[in-house]
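Here's the structure we're looking at; comments come further down.
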Number of protein chains: 2
Amino acid sequence: MLAYAVGMAERKSDRTRAAILAAARERFGADGYERATIRAIAADAAIDPAMVMRYFGNKEKLFAAAAEFDLRLPDLRDLPPDELGDALVRHFVTRWEGDDTLLALLRSSVTNEAAADRMRGIFAAQLAPTLRALAVEEPAVRAGLVASQTLGFALCRYILGIAPIATMSHDEVVAWLGPTITRYLTSSAP
Amino acid sequence: MLAYAVGMAERKSDRTRAAILAAARERFGADGYERATIRAIAADAAIDPAMVMRYFGNKEKLFAAAAEFDLRLPDLRDLPPDELGDALVRHFVTRWEGDDTLLALLRSSVTNEAAADRMRGIFAAQLAPTLRALAVEEPAVRAGLVASQTLGFALCRYILGIAPIATMSHDEVVAWLGPTITRYLTSSAP
DNA sequence: AAGAAAAGTCAACAGGTGTTGGCATATGCT
DNA sequence: AGCATATGCCAACACCTGTTGACTTTTCTT
């Protein structure tokens, strides 16, 4: 196999690797870590279960690979402070609905310690630093508060399907949760 | 077996029945529905796994029996509206920490539909009517919003263990979440 | 005290799980 | 073309799960 000027040529294994990862995210997202079986993931990807092991070693490592996630937080520095919450909430909802990874992470983190670690990492290593850059006081506390409202909303909307929450429009979600997040970011500590 | 004037005599089976239920709540709370095995629950209760089946039929029915839960919402009608959130949050936190059932329910509802049903039922059949009695508009929407912040907080504090959230005092929790809940109950629809 | 009913024990079943090693096929290089 | 390597499939393993039926021991009634 050669490396061309523009990068590696696409091997066939890259495609199945990607197919496995996509199927894994879907299954972990729909069933959670323990109920998502390697056999089911392999079937979705139309390959043999043994291939999953060859490519990722074991189930833990497969999950670790499938649950890599970047919040892709936008630059919020030139926003008026009282619009921070709205912007963050809108970003979260879109991010949540465009990618299976967060759902896989949420469903798995409740019963799997490695998944919980990942989830903690996202808020500690991605959200908290962003808040620090905004000169928010006690960024870790605020990040935790944002996590509590954000994850709770996702739980009610995407997993539990609590009726009025699950059917809200994006605008309604922003109107309800935005001010909460803004307060968590801008209010002085109690 | 006789029925006495003051009620049924306590059979031995009542004690083991209670022991099984307590062990079940603990295991479901610590491990979630699928990872909590009947064998482990039986071992905790110091009995034979077959007893669990004799007493409760199957795992589903055991969970149904173990996950019965009453929020025990206090009477909030003579509280000034701007103190509603504080009172509710304080009640939730205490209720959460004094009973394994809610944790079992939360951990299980993410991957088990019956548990999710129970969770929905708690907010639809216990919280929403209470809000209706307080003359809150759109009680179902407000109940859903309260659920989102309340469950999200529990997720972060008791399951994920997100650092600053997990170590907050009750007073801090009330100070941060109280105003949010109050707004969800008293603010007019957006 | 004798017998019925309740409570508890034991071993096994059928099915599903992650994981492994051996074997076949296809791909790409020289 | 021939060969090494990458890719894939199959069958099996050891283990764990919920669940069952037959058997023994305890408890209570008569």
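Residue numbers begin at 1 in each chain, while the letters A, B, ... track the order of the sequences.
Within the 4.0 angstrom heavy-atom criterion, only backbone atoms of the sugar-phosphate kind lie near B/Ala36; the bases stay farther away.
Checking the phosphate oxygens (OP1, OP2) of D/dC16, no side-chain nitrogen or oxygen of B/Thr37 falls inside 4.0 Å.
A salt bridge is defined here as a Lys NZ or Arg NE, NH1 or NH2 lying under 4.0 Å from an Asp or Glu carboxylate O, and B/Arg157 with B/Glu97 meets this definition. B/Glu83 and B/Arg90 are not joined by a salt bridge, as no carboxylate oxygen comes within less than 4.0 angstrom of a charged side-chain nitrogen. A salt bridge does not link A/Arg25 with A/Asp99: none of the charged nitrogens is closer than 4.0 Å to a carboxylate oxygen.
For the pair A/Ile159 and A/Arg107, the tightest heavy-atom approach, listed with the atom from each and the gap, is CD1-CG, 3.7 Å.
Seen from the ring of A/Phe56, A/Arg17 counts as a face-on cation partner, given the 6.0 Å and 45° thresholds. Because its NZ or CZ atom is both nearer than 6.0 Å to the ring centre of B/Tyr33 and within 45° of the ring axis, B/Lys59 counts as a cation-pi partner of that residue.
For the pair A/Arg15 CZ and C/dT27 P, the interatomic distance rounds to 13 Å; values are reported in whole Å.
Axis orientation changes by 0° from one end of the helix from C/dA1-D/dT30 to C/dT30-D/dA1 to the other, with each end axis drawn from 5 pairs and the value rounded to 10°.
Using a 30° and 60° split on the angle between ring planes, B/Phe92 and B/Phe123 fall in the parallel class, below 30°.
Using a 4.0 Å cutoff on non-hydrogen atoms, the parts of residues 51-65 of chain B near DNA chain C are B/Met51, B/Arg54, B/Tyr55, ordered by number.
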